[in-house]
Amino acid sequence: MKSITSNISKRLNVLLVLLLSAAMTSCEKYLDKSPDIGMTDEDVFTNYQTFKEYFNSLYYGEGGGNLNIKAHFPLFFHMWDQKMTAESLTDIVDMSRMQYSQGPKRGIGSTLFGDQWGYYSTRKRVTSSWRAIRVCNTAIKNIDRVVDISDGDKNDVLGQAYFIRAFCYFELFRFYGTLPYIEIPLGPEDEWDLPRPSTSEMIDKIVADFDLAADYFHKAGKTRRDPGSGQGHLNDPDQDKPNGVAAKAMKSRALLYGASPLNNPINDRGLWERAAKASWEAIALALENGYELLPLNRYTDNYYGTKYTNEQIWGHSPGTFAPSAPEMETFLAPIFSGATNGSGQCPTENFVNRFETKDGYPLYTDAERQQAIIDGKYNEQDPYRNRDPRFGLTVVYNQKAMDGYGNASLYQEENGQKPAESLLSEVRHYSRTGYYECKRTGSLALKSSVTRLLFTDPIIRLGELYLNYAEAANEAWGVNGQAPGATMTALEALNHIRSRVEMPDVLAKYTVNADLLRERIKNERIIELSFEGFHYYCDIRRWKDAPRLMSGKLYGVRATKLSTANQNPTLYPTGFKYERYELPADRQVAWRNGMYYVPFKQSDLLKMKNYVPNEAW
């Protein structure tokens, strides 16, 4: 059956011509007859088993390939050999091995970046999207022809089809801007050279599909796929597929994006209200169905060690990996992973300063750090003590205790010598920032007794929904405003996220008005959602903060181990001297306005006369 369905899939899934082919070939022409297997579209679309095999190619690829929605899953997308993550294209990360990320973040090489980001190898985000949309449209059109499908299965398939269509369009929209919203499988006589819709039209189409998906999932009894607790909890055979809560959650994400400054230049308050209402609706539905925020001692379960968690509304597990696995090369340094081509994500000092003190003092700006020093809450020569607990779960810093390894030796001696493990080595592929990221990789980030680790990808989780709500409610009604029917204000939702990681409420001086709280909401989002999803990359663009953040200087930190003779516990309580320094010029950032969106392949654009292309950069 596998080889048969693979051939069926190859013939049914003629890629949407838009942006992919200069000539339209009818899907029906391929379905009339499969010469090698003797099957027609009647054989496929009237039998549930063959229909399901065709439809499930959305998740499991075509003929063993990866032309499916996994190309949009953040961890799946990043687990390749180009050393390019979404974060590495921003100010918060420097990749120790410069490959395809450094040029684009400096505003050059847009053609190469566009090809790598959307078309490369098995990571074909654009091709996969159009193919998935075609499958969804074909399934919706033909579902009534299936004679042996139950009502529950039919509603579940329709829920998935509308969800995935909206999901693919939203992902394309975030990176490429508005696109023609195709809702039928196009034939040779249909118009395919279509203009761009407006942003509001695009968002409305996406939201309508997510709402339809939620309705169908409800009818199918799939608002949540697994039981909220007890037998079968987090262990449904289709646990990796979306559900009704995920549809409402994605609606929240889409509306927040549509209300943001990039897409809402006149700051229409009504768009923020709509986003806040949708976010609270998603939170309420999630809580009603048993989802929860994990406590601090289980926080990392959302990223590794556990296949699925009860905070993940929709997640994907790419599997178990060793440090030397090719998929780990993007994340781990070669000296620790044993991977010749290892790179490693190296957080900048700019990002490290996003983490507040344990008392809630911000440290991002010079003024904020100075105030924290004056109040006795921060010491620049003991910088990692008493920080937000998420700091230690996210960043590898000098002397950080690592499971099965000891303390991370990320320093140099006074005479300039560096330990073999030093991330400040001048050897190629080592960190220049003095840090490594460990949120995604945990104990694999350095030498460890852990030799293999199970990874998970929280595509959307409950924690994000509280932040979506806090941001939208603050913009719509202010610090203490709340959506109709909600039981939390914007400030309370923000503090709810903080309390689960044992952080205090936002300091009172930042809760005076919406403008002050906005900056704390943004900072909380940067910390809470760091290195998962494509959040930061997309957030600084939708906020229109990218021109400022991507034009400033990037910094690292240099730790020097003091000799016994020069140790001064008063000045240097840790025995190390910490110095902030500018990263080399070739590792700095730049900004051009064309960088708000990713460019399509030029060969695709040449086929479109009515489609206004993104600006090159």
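Being a predicted model, the structure only gives us computed values, none of them experimental. One is the number of the first residue; the rest follow in order along the sequence.
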message: I'd like to know if the side chain of Asn614 and the backbone of Val598 have a donor-acceptor N/O pair within less than 3.5 Å.
response: yes
- request: State whether a side-chain donor-acceptor pair under 3.5 Å links Arg134 with Asn137.
  value: no
Under 3.5 Å: donor-acceptor pair, side chain of Thr456, backbone of Tyr304: no
task: Starting from the C-alpha separation in whole Å, work towards a yes-or-no answer on salt bridge (charged side-chain N to carboxylate O under 4.0 Å, His left out) for Lys205 and Glu183.
output: CA-CA 10 Å; Lys205 289 281 190 182; Glu183 298 175 87; 2.7 Å; yes
query: Are Arg298 and Glu311 within salt-bridge range, i.e. N to O under 4.0 Å?
result: no
statement: For Met95 and Ser101, the nearest pair of non-hydrogen atoms, with its separation, is CG-OG, 3.6 Å
field: Ring center gap for Phe210 and Phe163 short of 6.0 angstrom
entry: yes
message: Using a strict threshold of under 4.0 Å (side-chain N to carboxylate O), is an ion pair present between Arg145 and Glu42?
response: yes
Asn47 vs Val146 side-chain heavy atoms within contact, under 4.5 Å: no
Pair Lys248 + Asp211: basic N to acidic O under 4.0 Å: yes
message: Less than 4.5 Å apart, side chain to side chain, heavy atoms only: is that true for Leu465 and Ile313?
response: yes
task: State, without any angle test, whether Asp156 and Gln160 hold a side-chain donor-acceptor pair at a distance under 3.5 Å.
output: yes
message: Rounded at 0.5 Å granularity, tell me how far OH in Tyr60 sits from CD in Glu53.
response: 10.0 Å
Heavy-atom closest pair, residues Leu58 and Cys136: CD1-SG, 4.0 Å
task: Take Glu171 and Arg174, measure what side-chain contact (heavy atoms from CB on, under 4.5 Å) needs, and give me the verdict at the end.
output: CA-CA 5 Å; Glu171 287 299 305; Arg174 286 205 293 175; 2.9 Å; yes
Check: Asp236 side chain, Asp226 main-chain N or O, donor-acceptor pair, under 3.5 Å: no
field: Short side-chain to backbone donor-acceptor contact, His78 and Met84, under 3.5 Å
entry: no
task: Taking all non-hydrogen atoms of both residues into account, name the closest pair between Asp148 and Tyr48 and its distance.
output: OD1-N, 2.8 Å
field: Main-chain N/O of Met488 paired to Tyr469 side chain as donor or acceptor, under 3.5 Å
entry: yes
- prompt: Given side chains that start at C-beta, do those of Glu532 and Arg461 come closer than 4.5 Å, heavy atoms only?
  reply: yes
field: Flag, side chain of His233 to backbone of Gly228, donor-acceptor distance under 3.5 Å
entry: yes
- prompt: Closest heavy-atom contact between Ala161 and Ile140?
  reply: CB-CG1, 3.8 Å
task: Give me the one residue out of Glu524, Glu292, Glu528 that meets salt bridge (charged side-chain N to carboxylate O under 4.0 Å, His left out) with Arg500.
output: Glu528
query: Are Trp117 and Tyr176 close enough that their ring centers fall under 6.0 Å?
result: no
- request: Identify whether NZ of Lys or CZ of Arg in Lys70 sits under 6.0 Å from the centre of the six-membered ring of Phe76 and within 45° of that ring's axis.
  value: yes
message: Determine whether a donor-acceptor pair (N or O, by modelled atom type, separation under 3.5 Å) exists between the side chain of Ser57 and the backbone of Tyr54.
response: yes
message: Is it the case that the side chain of Tyr596 and the backbone of Gly177 share a donor-acceptor pair, with hydrogens and angles ignored and the cut-off at 3.5 Å?
response: no
statement: Closest heavy-atom pair, Pro180 versus Pro197, reported as atoms and distance to 0.1 Å, is N-CD, 3.8 Å
query: Does any donor atom in the side chain of Ser252 or Asn468 lie under 3.5 Å from an acceptor atom in the other side chain?
result: yes
message: Can you confirm whether Asp151 is buried at CG, in the sense that more than 12 heavy atoms of other residues, nucleotides or ligands lie under 6.0 Å from that atom?
response: no
- request: Output the distance between atom CG (Leu285) and atom CG (Asn243), rounded to the nearest 0.5 Å.
  value: 8.5 Å
4.5 Å side-chain heavy-atom contact, Leu271 and Leu255: no
Phe55 six-ring centre to Lys52 NZ/CZ under 6.0 Å and within 45° of normal: no
query: Going by distance alone, is a donor N or O of one side chain under 3.5 Å from an acceptor N or O of the other, for His72 and Ser128?
result: no
task: Give the C-alpha distance, both sets of side-chain angles, the deciding distance and a yes or no for side-chain contact (heavy atoms from CB on, under 4.5 Å) between His496 and Leu293.
output: CA-CA 10 Å; His496 190 58; Leu293 295 178; 3.6 Å; yes
message: Please give me the minimum heavy-atom distance between Ala282 and Val245, naming the atom from each residue.
response: O-CG1, 4.5 Å
- prompt: Can any side-chain N or O of Asn142 pair as donor or acceptor with the backbone N or O of Phe45 at less than 3.5 Å?
  reply: no
- request: Measure from NZ or CZ of Arg224 to the centre of the six-membered ring of Tyr291 and say whether it is under 6.0 Å with the direction within 45° of the ring axis.
  value: yes
query: Just by distance, with hydrogens left out, do Tyr303 and Gln312 show a side-chain donor and acceptor under 3.5 Å apart?
result: no
- request: With the side chain counted from C-beta on, respond yes when Asn235 and Gln239 share a heavy-atom pair under 4.5 Å apart, and no when they do not.
  value: no
task: Look up atom NE2 in His316 and atom CD1 in Ile69, then write down how far apart they are to the nearest 0.5 Å.
output: 9.0 Å
- prompt: Any side-chain heavy-atom pair from Lys154 and Val157 closer than 4.5 angstrom?
  reply: no
task: Report yes if some heavy atom in the side chain of Thr306 is under 4.5 Å from a heavy atom in the side chain of Thr300; otherwise report no.
output: no
query: When rounded to the nearest 0.5 angstrom, what is the spacing between OG1 in Thr199 and CG in Asp204?
result: 10.5 Å
- prompt: Under 6.0 Å from the six-membered ring centre of Tyr169 and within 45° of its axis: does the NZ or CZ of Arg165 meet both?
  reply: no
query: Looking only at side chains, do Asp209 and Tyr181 share a donor and an acceptor under 3.5 Å apart?
result: yes
field: Tyr119 six-ring centre to Arg125 NZ/CZ under 6.0 Å and within 45° of normal
entry: no
field: Lys251 and Glu281: CA distance, side-chain angles, deciding distance, side-chain contact (heavy atoms from CB on, under 4.5 Å) verdict
entry: CA-CA 10 Å; Lys251 173 184 175 181; Glu281 178 188 19; 3.6 Å; yes
Under 3.5 Å: donor-acceptor pair, side chain of Thr46, backbone of Val147: no
- prompt: Is there a donor-acceptor contact under 3.5 Å linking the side chains of Ser198 and Glu201?
  reply: yes
message: Rounded at 0.5 Å granularity, tell me how far OG1 in Thr394 sits from CZ in Arg440.
response: 11.5 Å
- prompt: With a 4.5 Å heavy-atom cut-off, do Trp543 and Leu262 have their side chains touching?
  reply: no
query: Going from CG on Leu294 to CG on Asn302, what distance comes out if it is rounded to the nearest 0.5 angstrom?
result: 4.5 Å
Passing option when Phe175 is tested against Phe600, Phe534, Tyr597 for ring-ring contact (aromatic ring centres under 6.0 Å, His included): Phe534
query: Between Ser88 and Gln345, do the side chains contain an N or O donor and an N or O acceptor separated by less than 3.5 Å?
result: no
message: With a 6.0 Å cut-off on the ring centroids, do Trp314 and Phe167 count as close?
response: yes
message: For Asn263 and Ser260, which I'm curious about, is there any donor-acceptor pair between the side chains at under 3.5 Å?
response: no
